[in-house]
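Take a look at the structure set out below.
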2 protein chains.
Amino acid sequence: MFSVPTKTQYGIRALVHLARMEGSSAASAEIAKAEGIPPKYLEGILGQLKTAGLVHSERGKNGGYRLARSASDLRMIEIVEALEGEVKPVGCLDDSAVCAQGDCCLPRIFWVGLKGAIDGYLESKTLLDVIES
Amino acid sequence: MFSVPTKTQYGIRALVHLARMEGSSAASAEIAKAEGIPPKYLEGILGQLKTAGLVHSERGKNGGYRLARSASDLRMIEIVEALEGEVKPVGCLDDSAVCAQGDCCLPRIFWVGLKGAIDGYLESKTLLDVIES
DNA sequence: GTATATTCCTACTAATTCCATGGGAATACG
DNA sequence: CGTATTCCCATGGAATTAGTAGGAATATAC
Ligand code: FES
Ligand code: FES
């Protein structure tokens, strides 16, 4: 239950790798080899992280990726949301017209609480916390 | 991200329904109709809940299902685990020989923490809490 | 300016998991 | 016996996830 897609696991491992480079950049293929991630797959993952503004990239020879901010300023929830979208246990979180209960569905309140518990944890941790734990 | 399978949503709705019956039993088809759940699918779900010991059943005419315990003594984590298995964000939670980091993988500590946050919430809530929220 | 290393883009395939449905056997009641 | 119900097993379709493939664009080095 609640298994995390490989995409997110790979993404975090890649960012951990970058965070340890102390500002210098690393090529996608280099990270892939070091971390045991399928190279072509990682390219796409880093692309998503770039779109979200979490990493910067330079192309051409000697190009590569580096963190857009310091690891201490990068919350884990940003990474998760960049790769998989918002935490949303059930589709009806916003949409109250779905369920038999109609207006005030009891289970929904429970799910909202679960989202809060997960979001709270992910917001409380930074990439630096992960590296130094 | 972290979407909950319909099976679990249906299972919880069914248990909420049973909890409101004040001890008397309800047939699977009856619950399915009232809650808008595919009838044949619900049969299987209730079967799992029975195997886990959360509900009792009687078959034959006038048979049906009822809660095995009072709603206040039924933790939500028991329901989730009965239907989907243990909360396990990544496959390598136990198994330390998976990742490139080898022995002490940093991301793993992060995932263990996430499991703790989710489990903590699910353990803190009972079926009665859901009904009375 | 040519060779090379790299990101970037789009499309495709393969594998896995999720979501049910179907048919009927076993059981209980009256 | 007839009916209502749980129970068991197998199957199929849909959706999501995981990974591949090929090559265009761009920067550097010589
Ligand atoms: S609105 Fe989501 S379960 Fe009722
Ligand atoms: S052991 Fe799970 S990511 Fe390293």
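Not measured: the values here are computed from a predicted model. In what follows, chains are A, B, ... by sequence order, proteins preceding strands, each numbered from 1. Side-chain atoms are counted along with the backbone in the values below, which use heavy atoms only and exclude waters and symmetry mates.
Contact annotation: A:S28 does not reach the phosphate of C:dT6 (side-chain N/O to OP1 or OP2, under 4.0 Å). Applying the 4.0 Å criterion to OP1 and OP2 of D:dC7, one finds that B:Y65 has a side-chain N or O inside that range. Distances shorter than 4.0 Å separate none of the side-chain N or O atoms of B:K50 from OP1 or OP2 on D:dT6. Contact annotation: A:Y10 reaches the phosphate of D:dG19 (side-chain N/O to OP1 or OP2, under 4.0 Å).
Atoms NE2 (A:H56) and P (C:dT7) sit 15 Å apart, rounded to a whole Å. Atom pair B:L42:CG and D:dT5:C1' shows a separation of 13 Å (rounding to whole Å applied). B:E84 has its CD atom 8 Å from the P atom of C:dC19, to the nearest Å. Computed from coordinates, the A:K61 NZ to C:dC8 C1' distance equals 19 Å when rounded to whole Å. Rounding to whole angstrom units, CD1 of residue B:I45 and P of C:dC19 are separated by 9 Å.
For B:T6, whose side chain is taken as the heavy atoms from C-beta onward, the closest listed nucleotide among C:dA20, C:dT21, D:dT20 is C:dA20. Which of D:dT28, C:dC8, C:dT6 sits closest to the side chain of A:A27 comes down to C:dT6.
Residue whose closest nucleotide on DNA chain D sits further toward the 5' end, between B:K40 and A:G60: B:K40. Both A:T8 and B:R59 lie near DNA chain D, and the one whose nearest nucleotide falls closer to the 5' end is B:R59.
Among the heavy atoms of the strands lying under 4.0 Å from B:E43 is at least one base atom, whether or not backbone atoms are also near. Using a 4.0 Å heavy-atom distance criterion, B:G44 is classed as making no nucleic acid contact.
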